[in-house]
There are 2 protein chains.
Amino acid sequence: MSLERKGDAVDTIIEQWNRERPDLDVSPMAPIGRLKRCAALMDRRLDEAFTAFDISFWEFDVLATLRRSGAPYCLAPTALFSTLMITSGTMTHRLQRLEARGLVERKANPDDARSKLVQLTDSGLALIERAVEAHVANEWRILEPLEAADLRALEESLVKLLAVLEPSGD
Amino acid sequence: MSLERKGDAVDTIIEQWNRERPDLDVSPMAPIGRLKRCAALMDRRLDEAFTAFDISFWEFDVLATLRRSGAPYCLAPTALFSTLMITSGTMTHRLQRLEARGLVERKANPDDARSKLVQLTDSGLALIERAVEAHVANEWRILEPLEAADLRALEESLVKLLAVLEPSGD
DNA sequence: CCATTTTATCTTGAACTCAAGATTTCTATA
DNA sequence: TATAGAAATCTTGAGTTCAAGATAAAATGG
């Protein structure tokens with residue numbers, strides 16, 4: 001039951017605060033600090049799959065959003081940057097890069113002249129089809145060391161945390 | 001037992017992939033996607049506490065690392081950027097900013113002329129003492145909607161995930 | 001004690017991001 | 001149908017980050 005756990009980086013931080021500021025109860029730093037650290041380490045692991053395709057995380061994100069929207073793999077910029085949690089300016093920049101690489105193309109929106117739709121090119125589609133396979137395989141590999149029960153518990157915990165954090169919970 | 005859960009953003013993404021690429025088992029996207037999304041949303045919430053002190057997240061991070069190292073609140077740059085998971089170049093830039101704001105100062109290292117130690121100024125110390133209090137209070141506030149048992153479960157899950165991701169597990 | 005290697009840090013240049021403001025087009029309504 | 005307000009996007013400028021290379025000092029092995 002009470003297995004001794006070797007302290008990780010977050011344990012060290014909390015011990016330091018307890019020594020320096022015993023007046024503060026910093027226990028929320030445990031889940032929050034680990035969340036941040038897990039996310040940072042996870043990003044690095046995920047990036048490894050993308051470099052094999054010469055794309056970065058954000059390029060994958062945009063292409064994958066278009067791909068999973070279904071044929072004809074075409075969305076308005078607003079739909080993209082809302083989903084991706086980035087600003088419109090960042091979206092403009094990303095689209096320029098992707099268009100320059102020939103992975104997406106812009107076309108007039110017949111219903112709204114304010115926007116130019118973004119569509120996967122054949123080349124972009126071919127790339128994302130292979131990249132997403134490698135990405136998912138990589139995710140399986142990363143999580144493989146976790147016991148099935150632990151993975152389920154993690155999933156369940158994150159569902160509850162996300163529900164608390166989602167803007168809809170304002 | 002089987003309460004219906006309203007789908008979140010990650011559920012939508014997984015449903016899309018299942019429709020578009022039924023050949024792929026994308027179930028690892030559930031925990032990984034939520035981890036990323038939780039981390040992004042958490043960052044925003046944490047930032048709110050810092051803006052009240054006119055500092056950004058990275059400024060807090062550096063000052064806090066110095067503060068919790070204990071008196072005399074003085075570390076070598078390498079110790080700082082290793083802890084903070086950033087490159088040396090980024091550290092140089094951050095230190096220049098913090099020094100310009102009068103929150104840290106540089107002093108010769110008597111034991112190693114290659115490094116100039118970084119130390120909190122009185123002003124920097126005063127700032128971080130107040131900022132960390134606000135930060136911890138904010139963390140309590142953010143997690144407060146979670147049931148105690150759920151918080152414990154989350155904590156436990158993240159410990160296990162972090163153990164899998166930490167570089168020591170190479 | 002000298003040459004080599006390692007360590008610590010800084011410099012440089014490019015990339016990515018955001019906030020705020022500008023532009024163009026749509027929408028509702030008087 | 002004008003017109004004000006809303007919406008979609010782009011532009012601009014500044015800030016943050018990293019990778020790679022430069023520099024200086026320390027440690028190591030004869």
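These values consider heavy atoms only, across backbone and side chains, with no hydrogens, waters or symmetry-generated copies. Numbers restart at 1 for each chain; the letters A, B, ... are given by sequence-line order, proteins then strands.
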Worksheet item: Would you call B:E166 and A:R37 a salt bridge, taking side-chain N to carboxylate O under 4.0 Å as the test?
Response: yes
Worksheet item: What's the CG-P distance between A:N109 and C:dT24, to the nearest Å?
Response: 18 Å
Worksheet item: Which residue pairs pass the salt bridge (Lys or Arg N to Asp or Glu O under 4.0 Å) test with at least one member in residues 88-109 of chain B, sequence neighbours excluded?
Response: B:E59-B:R101
Worksheet item: So do the side chains of A:L75 and A:V118 get within less than 4.5 Å of each other, counting heavy atoms only?
Response: no
Worksheet entry | Spacing between B:D111 atom CG and D:dA25 atom P, to the nearest angstrom | 16 Å
Response to the item:
Note: contacts of residues 92-101 of chain B with DNA chain C (heavy atom, under 4.0 Å) are B:T92, B:Q96
Practice prompt. Round to a whole Å and report the spacing from CE of B:M85 to C1' of D:dA19.
Written response: 17 Å
Worksheet item: Looking at A:D11 and A:R34, does any basic side-chain N land under 4.0 Å from a carboxylate oxygen?
Response: yes
Worksheet, complete the sentence: For B:F53, the ring pair (Phe, Tyr, Trp, His ring centres under 6.0 Å) test, sequence neighbours excluded, returns none
Practice prompt. Please check the phosphate of D:dC18 (OP1 and OP2 only) for any side-chain N or O of B:T87 closer than 4.0 Å.
Written response: yes
Discussion item. Whole angstroms only, please: what is the CZ-C1' distance between B:F81 and D:dT16?
Written reply: 17 Å
Fill in: Side-chain ion pair, B:R21 and A:E133, N-O less than 4.0 Å
yes
Worksheet item: Starting at CG of A:D112 and ending at P of C:dC26, how long is that distance when rounded to a whole Å?
Response: 6 Å
Discussion item. Assigning hydrophobic clusters by single linkage (Ile, Leu, Val, Met, Phe, Trp, Tyr; side-chain heavy-atom cutoff under 4.5 Å), is A:Y73 placed with A:L117?
Written reply: no
Worksheet item: Considering only heavy atoms, which members of residues 51-60 of chain A lie under 4.0 Å from some atom of DNA chain C?
Response: A:W58
Fill in: Pairs involving residues 84-131 of chain A, ordered by first then second residue, that meet ring-ring contact (aromatic ring centres under 6.0 Å, His included) (sequence neighbours left out)
none
Item to complete: Find the distance B:K116:NZ to D:dA26:C1' and express it as a whole number of Å.
Response: 18 Å
Item to complete: Kindly assign one of parallel, tilted or perpendicular to the pair A:F57 and A:H135, based on the angle between their ring planes and the thresholds 30° and 60°.
Response: perpendicular
Worksheet item: Between atom OG of B:S157 and atom CG of A:L35, what is the distance when rounded to the nearest 0.5 Å?
Response: 12.0 Å
Discussion item. Measure CG/B:D43 against P/D:dT17 and give the value in whole Å, please.
Written reply: 12 Å
Worksheet item: Could you give the distance from CG (B:L120) to CG (B:L103), rounded to the nearest 0.5 Å?
Response: 8.5 Å
Worksheet item: With sugar-phosphate meaning primed atoms plus P, OP1 and OP2, does B:T90 contact a base, only sugar-phosphate, or nothing at under 4.0 Å between heavy atoms?
Response: base
Worksheet item: In whole angstrom, what separates A:I86's CD1 from D:dA8's P?
Response: 16 Å
Worksheet item: Quick one: the side chain of A:R114 and the base of D:dA7, do they pair up donor-acceptor inside 3.5 Å?
Response: yes
Practice prompt. With a 4.0 Å heavy-atom cut-off, tell me which residues in residues 66-74 of chain B come close to DNA chain C, sorted by residue number.
Written response: none
